[in-house]
Every structure is written in structure tokens, then in C-alpha cells.
Amino acid sequence: NCYVDWTSDNDYLKRSMVSDYTKEVLKVRMQQSRRLLFLSSEKSRNSQWVSFELDYYENCLQREILMLLLDGEDERDFKHIGLEEMDQLL
């Protein structure tokens, strides 16, 4: 299964109404996840929310983060995967 906030929690997480509750819902969802797939792009690398999610997942939950590089360069020490490896994850 794949969690996507704007589809799975559409009734609870409104992008126009971000609050501390938003962080708590995301923490619970990350706790329920076996993996986090980080789609690294210029926008995601500059997102405060993505930074929060990566930090929480890596440092608080201490779980592996997989990274698919979409553009540019990313020096983070996550396991890099390619499109061909995506099938094995599903």
C-alpha cells in the first residue's frame, strides 16, 4: 500500500488549513509505514514539510528511506533506487 496525504486523508488534511494537527497525522501515518520513498526534486529538496518528514522518519523512527532522484543532485545518504527497482517495492 502507498500513503498519499491528499488522497488518503483528504477529509482531514487540507493544504489550506495546515496546523500542528497536520504534523501529528503525518507522524501517525509514518509510524504505520514500512518504508518512506523520497522523490528528490528541486521542489521537494526545498520543502519544509518534506524536511520535517525525512527528519522524523530517519531520526525518530530510525527507518530506511529510499530515494528516487528526479532531477539535479542530492547529497543525502539515503539508499538510491532507480525506476526499474520500483516494481520490486510494490
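Quantities reported herein were computed from a predicted structural model and do not represent experimental measurements.
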What distance do [X] atom [atom1] and [Y] atom [atom2] have between them, rounded to the nearest 0.5 Å?
X     : Y     : atom1 : atom2 : value
Asp74 : Leu68 : CG    : CG    : 11.0 Å
Lys79 : Met67 : NZ    : CE    : 12.5 Å
Lys23 : Met30 : NZ    : CE    : 10.0 Å

Flag the pair [X] / [Y] as yes when at least one side-chain heavy-atom distance between them is below 4.5 Å, and no otherwise.
X     : Y     : result
Ser44 : Val50 : yes
Phe78 : Glu64 : no
Leu36 : Leu54 : yes
Leu39 : Leu69 : no
Phe38 : Glu53 : no

message: What I want to check is whether the side chains of Gln31 and Tyr56 have a donor and an acceptor closer together than 3.5 Å.
response: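 Yes, a side-chain donor-acceptor pair sits under 3.5 Å.
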Quick one: does any side-chain atom of [X] pair with a main-chain N or O of [Y] as donor and acceptor, under 3.5 Å?
X     : Y     : value
Ser47 : Lys43 : no
Asp55 : Ser51 : no
Arg35 : Arg63 : no

*Is the count of non-hydrogen atoms from other residues, nucleotides or ligands lying under 6.0 Å from Glu73 atom CD greater than 12?*
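Check fails, neighbour count at 12 or below.
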Check: If you draw a 6.0 Å radius around CG in Asp77, do more than 12 non-hydrogen atoms from other residues or ligands fall strictly inside?
Finding: no
Nearest heavy-atom contact between Arg34 and Tyr57 is C-OH, 3.2 Å
Answer yes when Asp71 and Arg45 have at least one side-chain N-carboxylate O distance shorter than 4.0 Å, and no when they do not.
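Counted as a salt bridge, because a side-chain N and a carboxylate O are separated by less than 4.0 Å.
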